[in-house]
Amino acid sequence: MNSGVFEFEKKLSWDIKSNDLENVAKHFKKTFKDEFSIATTGKKDAPKIIIELTSGDKQTDAYQMTVSSKQVLITSSSTNGIYYGLQSLYQMIHTAVNADRTIACCKIDDQPRYPWRGIMLDESRHFYGKEKVMEMIDMMAMHKINIFHWHLTDDPGWRIEIKQYPLLAKVGGKGCESNPDAPAAFYTQKEIKEIVAYAKERFIEIIPEIDMPGHARAANQAYPEFCGGGSESHPDFTFNPGKEGTYQYLTNILREVAELFPSKYIHLGGDEVHFGNKQWATDPDVKKLQKREGLKDLKEVEYYFLNRMADSIQSLDKKVFGWDEIAYAGLDNSISSVMWWRHDKVKQLKDLLKMEYPLILCPRIPLYFDFDQHESHTYGRRWGGFADLPKVYAFPSEEFLSDLTNKDQIKGIQANIWTERIKDNKRLDYMTYPRLSAMAEAAWTIDQTKDYDSFLKRLKNMYTIFEERGIYYFNTFDPSSTPEPEGHKK
Ligand code: ACM
């Protein structure tokens with residue numbers, strides 16, 4: 001351990017030891033300059049930031065940082081690692097700028113607990129647009145979150161342009177949860193490419209979700225010929241698994257999606273099909289399918305559909321993600337991964353682990369950020385509990401994990417921002433921050449080194465970052481100072 005401090009000053013200089021780091025350096029030179037008014041080239045003896053790639057794992061997120069009085073040295077065997085090291089330095093400098101402009105000398109050897117550190121945003125229920133999404137990507141990057149799961153289709157709205165089926169966006173994009181008459185809102189393919197590139201530059205992979213066979217009302221309004229019906233509470237909820245044309249239609253859609261998103265995954269949802277598959281029982285095409293394939297009930301029809309679509313995804317050279325309902329569909333675990341979200345279905349989690357599916361943990365409590373985080377709040381969901389900051393930070397606890405086998409299959413954790421009740425940017429901020437900070441640290445830090453008090457101290461610095469960026473976070477230290485913004489009451 002070094003003693004003393006690194007004093008940064010206007011003449012801060014950079015020493016970039018590997019050509020592969022030029023882009024990362026460029027990004028941070030700009031960030032540091034914009035944020036801290038420090039020059040990026042300087043005198044020979046000016047304090048230095050040195051970044052250097054070492055030999056070893058090119059995929060790792062680990063990095064090492066040594067702060068001494070004249071220099072900060074960040075090393076990693078991967079560009080991601082260097083990027084995360086610089087994000088840590090950014091936060092240290094940010095804290096210091098608001099204090100005595102020094103960083104205590106130290107040696108850090110840092111690596112994440114999980115390779116998957118995710119945030120899901122539902123833009124079907126409410127649409128926030130490119131600028132807000134890019135801001136979220138910036139905040140994710142600052143927190144070393146590396147996965148953005150984008151829930152682009154659901155009942156209220158279809159939010160992605162598909163060239164072969166233009167009505168999906170033009171007709172299916174109309175309306176949202178709080179206003180069925182809202183004009184069509186969706187991302188053009190050009191915008192999607194821009195956002196994907198923006199995220200990539202920040203080491204964030206975007207996983208698109210096209211939800212099926214349920215949660216399909218918006219699509220069915222655009223192309224009713226592929227509708228499989230719904231229920232009174234969930235009209236036009238499903239695609240029709242009995243029509244061969246449905247598989248072609250959905251595969252054509254996924255082909256365009258596959259081209260837009262470089263990720264190896266496509267998420268095909270698969271959740272809550274029972275909400276609205278009643279009409280399958282009487283649909284002549286579904287009946288024919290059942291007879292032909294020997295499918296004894298609607299659950300088997302659902303699993304048949306999922307297997308067909310998994311084949312399509314594989315034919316597009318991608319892998320499948322699904323919600324935990326797909327557990328017993330018999331999908332091959334070498335091409336399929338699952339997100340466990342129903343916190344009351346622990347047996348199923350255990351089954352999924354036994355079946356060796358790569359698994360992401362995102363249980364409603366505490367990782368659904370549409371849930372209330374404080375007893376004074378009234379617009380969020382509760383369903384028997386809060387998803388407050390300490391609970392988010394503590395997840396997954398040793399106690400939770402102690403009961404599980406095959407824990408190596410747990411690839412990470414993810415917070416899901418469902419937006420039925422989040423009608424605008426202000427409320428989106430409020431529900432996201434600072435819980436995102438707690439989730440990020442929970443995903444990065446092993447239980448033994450987690451320290452909630454230390455987290456709270458650092459959170460104060462994060463609050464100044466939120467304020468500088470105009471983000472309306474929930475102030476956990478002084479709840480009455482940040483009144484709850486109105487939400488949409490369902
Ligand atoms: C879900 O919350 N329906 C995955």
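When a ligand or atom number is given, it counts from 1 through the structure's own listing order. When a residue number appears, it is its place in the shown sequence, counting from 1.
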Side-chain heavy atoms of Trp341 within contact of Leu361, under 4.5 Å: no
Name the orientation class of the two ring planes belonging to [X] and [Y] (parallel below 30°, tilted from 30 to 60°, perpendicular beyond 60°).
X      : Y      : answer
His488 : His126 : perpendicular
Tyr304 : Tyr247 : perpendicular
Tyr430 : His377 : tilted

Proximal ligand 1 atoms for Trp418, defined as those under 4.0 Å from one of its heavy atoms: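 Every atom of ligand 1 under 4.0 Å from some heavy atom of Trp418: 1 (C), 2 (O), 4 (C).
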Side chain, backbone, both or neither: the part of Glu272 lying under 4.0 Å from ligand 1 by heavy atom: side chain
Closest protein heavy atom to atom 3 (N) of ligand 1, given as residue, atom name and distance to 0.1 Å: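 For atom 3 (N) of ligand 1, the nearest protein heavy atom comes out as Asp271 OD2, 2.7 Å.
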Closest candidate by heavy atom, reference atom 4 (C) of ligand 1, pool Trp340, Trp323, Phe275: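 Nearest heavy atom to atom 4 (C) of ligand 1 lies in Trp323.
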Tyr368, any N or O under 3.5 Å of ligand 1 N or O: yes
Ionic contact status for Arg381 with Asp370, cut-off 4.0 Å: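 Here Asp370 pairs with Arg381 in a salt bridge, since their nearest N and O are under 4.0 Å apart.
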